[in-house]
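Below: the structure, in structure tokens.
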Amino acid sequence: MRVAVIGGGPGGLYAAALLKRLDPSREVTVWERNAPDDTFGFGVVLSDETLGGIEHADPVVYAALQDEFVRWDDIDIVHRGVRHTSGGHGFAALGRRRLLEILHERCRSLGVELRFRAEAPPVGELMTAYDLVVAADGVHSLTRAAYAEVFGPSVEEHRCRYIWLAADFAFDAFRFEIAETEHGVMQLHGYPYAAGSSTVIVEMREEVWRTAGFAELDEQESVERCAKIFADALGGRPLRSNKSAWTTFRTVVNDRWAHRNLVLLGDAAHTAHFSIGSGTKLAVEDALALVACLEEQADLTQALRAYEEERRPVVASTQRAARASLEWFEHLDRYLDQPSRQFAFNLLTRSRRVTHDNLRLRDAHFTESVEREFGCPAGTPPMFTPFRLRGLTLRNRVVVSPMDMYSAVDGVPGDFHLVHLGARALGGAGLVMTEMVCVSAEGRITPGCAGLYTGRQAEAWRRITDFVHAQAPGTAIGVQLGHSGRKGSTKLMWEGIDEPLEDGNWPLVAASPIPYKARNQTPRELSRAQLTDIREQFTAAAWRAARSGFDLLELHCAHGYLLSGFLSPLTNRRTDAYGGSLARRLRFPLEVFDAVRAMWPEERPMTVRISATDWADGGTSGDDAVEIARAFAAHGADAVDVSTGQVVADERPEYGRSYQTPYADRIRHETGIPVIAVGAISSWDDVNSLILAGRTDLCALARPHLYDPHWTLHAAAEQGYEGPGVAWPMPYRAGSRRPQTGRTDAPKPRLTLGT
């Protein structure tokens, strides 16, 4: 096999070395346009996981790296002159130049041909002349550009400028330092990579960079200015550069990584922000996986397919974490007024890869100090601290999210609803929410939706609230009121979600006459008189909800239902006073809110669920969501339940763990209103992390409560918590300890005998 490698960075060199080591008969050639000692960064951080892979694949390289590594455990966060240190993190770093030297030496010793100061031949020629072409030519990959129609690249530029610099001393920890200047917020990321050297990255928003005058400074002037701004962190010592230039980070994503005998590797295929230290790590891991797949698979096509299938989910997960970290730093000023320990915890958990439980294992003392500052009593996880909304105090921060059950008959909740909601109330959550309860028969989504438009329905709901209050004292129950709008008259979810009924349809109304999908019914645009009628339907339902004994009322203004349809510019095309600008699109939802709030008992809280983005071009944006939340807060909303999407059928959500939380986080910090975070929050560790970091006040979970009605009780048991934030029903107390799953008392082996 003849192999051509384009690019002599760590990923390309390591792939070349492994290919040659595993089969010396391979002819491997690396083209690198720069000189051997040219490098534009300083230090490189590798994880223990990556090093373990290197150790198994090439002990010679691993041994050489081990001799060079600088290791440390601590992270220092300096916020408004206060430094907090968290330990137990475990980093290993070395100079990028030294890493390249080690890989150069290894390649030469194995017989890899290294061609420096040499542009690679056109990739088409290489694909003809070689059996395999590895494109490791970086974020600006010419190879990727040459075959853009095949690889389908997406390159996104972000909002911060940054510069790579170095200092001639070693930090004793990974250091984050925040500078609040007259021009705006700037941050320093610093870490040691040799006995007397540290990498220093200075980063700030583009507008701060321009206002501060960096755009007019040359390289040396920038270096001196950065050293002056961060003089405390540097101890007054200077910084140095190496052809350093201010740049913006680019996130690279490709639809495909391979084409015939050509494959992308490292930054050519994907990038992840430097704040989680992943660029070199990902490239080296790519090289390991690529070579392993070539060894394991029968032919090249299968090997490249296997390589992409193996690496793509790993890279996607890393890119999600990197984006969360990147966006946290882009909006750093949002968190500056947090208490200093909470700010430090928020920074450490920004990517969601480090969590509350994980940080407790790494540094229990630091984590406990954050909990004390937050107000957690000793031994109390953050999720089991109380939270007050108006006259209602929730004993913990867990909410059973509204989930449509499609199991009512004529809008009347029956035994199923009693068992469903009753079981989850017994399961320990602080607040249990009903499904969307419809304010009229025409406002149902499906024939199985529950309602509050008749006295019989109200009596059935009273049976459920009485059960919750009597059998699960301390658990609150809330009702979510809504109207389906253009998304009504459809089949039950399991018969065909959003599919129109075969027969028995009812007429639909909406802000504008736009069907949800081509097959769905076109709604009538609501007239002024009809708007008044619907507002009165909401107030009548609220009156029945109050008499039914609900503790909290939520107005459903999300997911493309009627009130949401007024808020989104994609579904509201009106030209009257209820359409056009955001203020006008808000008018009817606010009229409904005001009418319901006036009817709803003063001491009982009222929340609003919104879709903070439509996940579609031209739809509701994050900026809009802040203004929508601010408007409802001004009208008396006690909290905003922050969901996303489901407004238009052609949405493109960016799914991932806790993927909707950043919208709640932003609303909380920019408006000051309490928020409920929802969306792929699946573990009690996530809940603790989000609450303690100050990104949300309450966490609503849906699917976990379908999987386990006693999710909150089990979360308490697994954390060893027995305080007032959760209570096992007396008949269930015998089950408050996890059952044994197998024998645990077998004798352990004492001797290992040779054969």
Side-chain angles (χ1 to χ4, degrees), residues 1-44 46 50-70 92-121 123 125-126 129-138 141 143 193-194 242-243 261-268 279-295:
M1 176 180 272
R2 302 184 73 225
V3 182
V5 179
I6 307 171
L13 290 170
Y14 193 52
L18 289 178
L19 285 164
K20 190 69 173 176
R21 176 177 180 268
L22 291 174
D23 187 350
S25 70
R26 288 176 176 142
E27 178 187 322
V28 183
T29 305
V30 178
W31 279 268
E32 170 54 52
R33 68 174 65 180
N34 297 307
D37 57 351
D38 278 352
T39 182
F40 303 102
F42 296 97
V44 172
L46 295 175
T50 305
L51 291 174
I54 293 174
E55 181 179 15
H56 288 291
D58 193 338
V60 173
V61 170
Y62 177 77
L65 293 175
Q66 284 287 84
D67 291 340
E68 301 288 339
F69 274 132
V70 172
L94 78 163
R96 182 177 175 86
R97 180 169 292 170
R98 181 60 187 135
L99 172 61
L100 292 176
E101 288 172 353
I102 290 170
L103 294 173
H104 291 161
E105 292 165 8
R106 185 58 172 154
C107 283
R108 290 192 185 98
S109 71
L110 292 167
V112 174
E113 182 179 356
L114 302 178
R115 298 185 182 181
F116 294 105
R117 300 186 183 88
E119 291 285 350
V123 67
E125 294 180 14
L126 290 176
Y130 287 81
D131 300 298
L132 173 65
V133 180
V134 179
D137 50 345
S141 171
T143 309
Y193 68 85
N242 176 23
K243 302 177 183 176
N261 62 334
L262 171 64
V263 64
L264 303 179
L265 184 147
D267 284 355
T280 301
K281 173 184 183 297
L282 286 176
V284 169
E285 291 175 350
D286 281 355
L288 284 164
L290 174 61
V291 176
C293 289
L294 287 166
E295 292 296 304

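Between W31 and A4, the shortest heavy-atom distance links the atoms CZ3-CB, 3.6 Å. Nearest approach of G8 to V30, heavy atoms of both residues: CA-CG1, 4.0 Å. In terms of heavy atoms, L126 sits closest to A120 at CD1-CB, 4.3 Å. Here the shortest heavy-atom pairing between A15 and V291 reads O-CG2, 4.0 Å. When all heavy atoms are compared, the tightest approach of A17 to R106 is CB-CG, 4.2 Å. The minimum heavy-atom distance between V28 and A16, with the atom names listed, is CG1-CB, 3.7 Å.
Note: L290 CG to E285 CD = 13.5 Å, rounded to the nearest 0.5 Å. Atoms CG and CG, on L110 and L22 in that order, are 9.5 Å from each other to the nearest 0.5 Å. Note that CD1 of I102 and CG of L94 are 6.0 Å apart. Values are rounded to the nearest 0.5 Å. Distance check, rounded to the nearest 0.5 Å: CG of D137 to CG of L264 gives 8.0 Å. Rounding to the nearest 0.5 Å places OH of Y14 at 10.5 Å from CG of L99. Interatomic distance, R21 CZ to S109 OG, rounded to the nearest 0.5 Å: 10.5 Å.
With sequence neighbours excluded, the residues satisfying ring-ring contact (aromatic ring centres under 6.0 Å, His included) with F116 are H104.
Salt-bridge annotation for E105 and R98: present, with a side-chain N of the basic residue lying under 4.0 Å from a carboxylate O of the acidic one. Note on R2 versus E113: no salt bridge recorded, every NZ/NE/NH1/NH2 to OD/OE distance being 4.0 Å or above.
P36 places a side-chain heavy atom less than 4.5 Å from the side chain of R117. For the pair V5/V112, no side-chain contact is recorded, criterion being any heavy-atom separation below 4.5 Å from C-beta on. A 4.5 Å side-chain heavy-atom check between R97 and N242 finds at least one atom pair inside the cut-off.
Counting only distance, with no hydrogens or angles, the side chain of R26 and the backbone of L19 share a donor-acceptor pair below 3.5 Å. In this structure a side-chain-to-backbone donor-acceptor pair under 3.5 Å is missing from R108 to L114. Judged by distance alone, with hydrogens and angles left aside, the side-chain atoms of D58 form no donor-acceptor pair with the main-chain N or O of L18 at under 3.5 Å.
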Exercise. Tell me, with the steps shown, if L103 and V61 meet side-chain contact (heavy atoms from CB on, under 4.5 Å).
Key: CA-CA 7 Å; L103 294 173; V61 170; 4.2 Å; yes
Practice problem: Go through D37 and L100 one step at a time and tell me if the side-chain contact (heavy atoms from CB on, under 4.5 Å) criterion holds. | Solution: CA-CA 8 Å; D37 57 351; L100 292 176; over 6 Å; no
Exercise. Begin with the C-alpha distance, continue with both residues' side-chain angles, and end with the deciding distance and a verdict on side-chain contact (heavy atoms from CB on, under 4.5 Å) for Y193 and V70.
Key: CA-CA 6 Å; Y193 68 85; V70 172; 5.8 Å; no
